[in-house]
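Each ligand, and each atom within it, is numbered from 1 in the order the structure gives. Note that the coordinates shown come from a computational prediction; the quantities given were computed from them, not determined experimentally. Residue numbers count from 1 along this sequence.
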Amino acid sequence: MSSYRTLQWDDRTNTLVLLDQRFLPHRIQFVTCGDEQQTAEAIRNMTIRGAPAIGAAAAFGLALAAFRCTSSNPQEIRERIENAARQLASARPTAVNLQWALTRVLNKLATAEGNPEDLRKLILEEAIQIAEEDVQINKKIGLNALQILPEEINFIHHCNTGALATVDYGTALGIIRTAHEHGRKVFVFVDETRPRLQGAKLTAWELQQLGIPFKVIVDGASGFVMKRFRIDAVVVGCDRVAANGDTANKIGTYNLALAAKAHGVPFYVACPTSTIDLRITSGDQIPIEEREAEEITHLEGTPICPQGTAVFNPAFDVTPAELITAIITENGVCYPPFIHSLSGVVHPA
Ligand SMILES: CSC[C@H]1O[C@H](OP(=O)(O)O)[C@H](O)[C@@H]1O
């Protein structure tokens, strides 16, 4: 059984078991996905969320499609998997890791031969490989960040980018964890991150378990925190980085970057190179997911707005490259001009 922090493949039943993040931190419960449709719905409703995590889940969703296809005709299995990839890719549009993981599995399938059992095994092995690599990549991101962080660091962090947003260990929260584990004196101001409160619910839960001191703040307090306290760095994750360094991340990141610029606080983006999309030249080309109004008008199911209130609920925003100090990847730290430094880490020599 391949078991990780956010997901595991049950090889007795050939199903995908997800830690249901919608009920954390107060309820630990799981969702079992039996096919690609259930996996796509789990990604869309944020049972599992976080760019690298949904990429890995989508890859396992293709394995589910292969195992649920009982045809003995290899071509029919290929068709089922290709249809499954389209269904999974449509679950959430912003995080490029979804497309990246699906494309990686499809490319593997394109050159494969063999009977249906061979194809099922190959796809599952590729999904497991993607998951295993993600954990190692996150640890490398953390180690690369150490070279640019001081001995004592007060962070502001946005959303959740820890083990729960990845297969394990985390990206931006992985940097915070690595600094802590390497003896740096770390403190974190945790943006609660409206409307889904990934910071207040998930990041707080992870930091408590890691024994890292923190305080939760409302998103709008970050500027005042930079004015009132010594903040050494803002560190965030991301969902898609354009070739010029413009970065899509959880809504509120752009405001945070503006406040950091105004206060001269370094603003770091952490990401695996799979989140860098060199196919697009700028952040204007990044699709921004809009989610349902209830995420804003309700809190834990209780209405907080007058009935019929209209909302604008983009799940992400785009931080322009000029507000970003550095982008920290598993292959190194990228500084402006990102148009050159990013291609160096995506295609290392
Ligand atoms: C490891 S980066 C995770 C990234 O994904 C989050 O979005 P969501 O919770 O909607 O999946 C957020 O943008 C994080 O920065």
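No side-chain donor-acceptor contact under 3.5 Å links N313 and E292. With 3.5 Å as the limit, one finds a donor-acceptor pair spanning the side chains of Y169 and T178.
The main-chain N or O of G55 is never found under 3.5 Å from a side-chain atom of N97 such that the two would form a donor-acceptor pair. Side-chain N or O atoms of D232 include one that pairs as donor or acceptor with a backbone N or O of N154 at under 3.5 Å.
Taking the six-membered ring where the residue is Trp, F60 and W9 present parallel rings, their angle staying beneath 30° rather than reaching 60°.
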Pairs under 3.5 angstrom, nitrogen or oxygen on both sides, ligand 1 versus protein: list them out, please.
from     : atom 1 : to   : atom 2 : distance (Å)
ligand 1 : 5 (O)  : D239 : OD2    : 3.2
ligand 1 : 9 (O)  : R49  : NE     : 2.9
ligand 1 : 9 (O)  : R49  : NH2    : 3.2
ligand 1 : 9 (O)  : Q198 : NE2    : 3.0
ligand 1 : 10 (O) : R92  : NH1    : 3.4
ligand 1 : 10 (O) : R92  : NH2    : 2.8
ligand 1 : 10 (O) : K250 : NZ     : 2.7
ligand 1 : 11 (O) : G50  : N      : 2.8
ligand 1 : 11 (O) : R92  : NH1    : 2.9
ligand 1 : 13 (O) : D239 : OD1    : 2.6
ligand 1 : 13 (O) : N249 : OD1    : 3.2
ligand 1 : 13 (O) : K250 : N      : 3.1
ligand 1 : 15 (O) : N249 : OD1    : 2.5

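A salt bridge does not link D118 with R120: none of the charged nitrogens is closer than 4.0 Å to a carboxylate oxygen.
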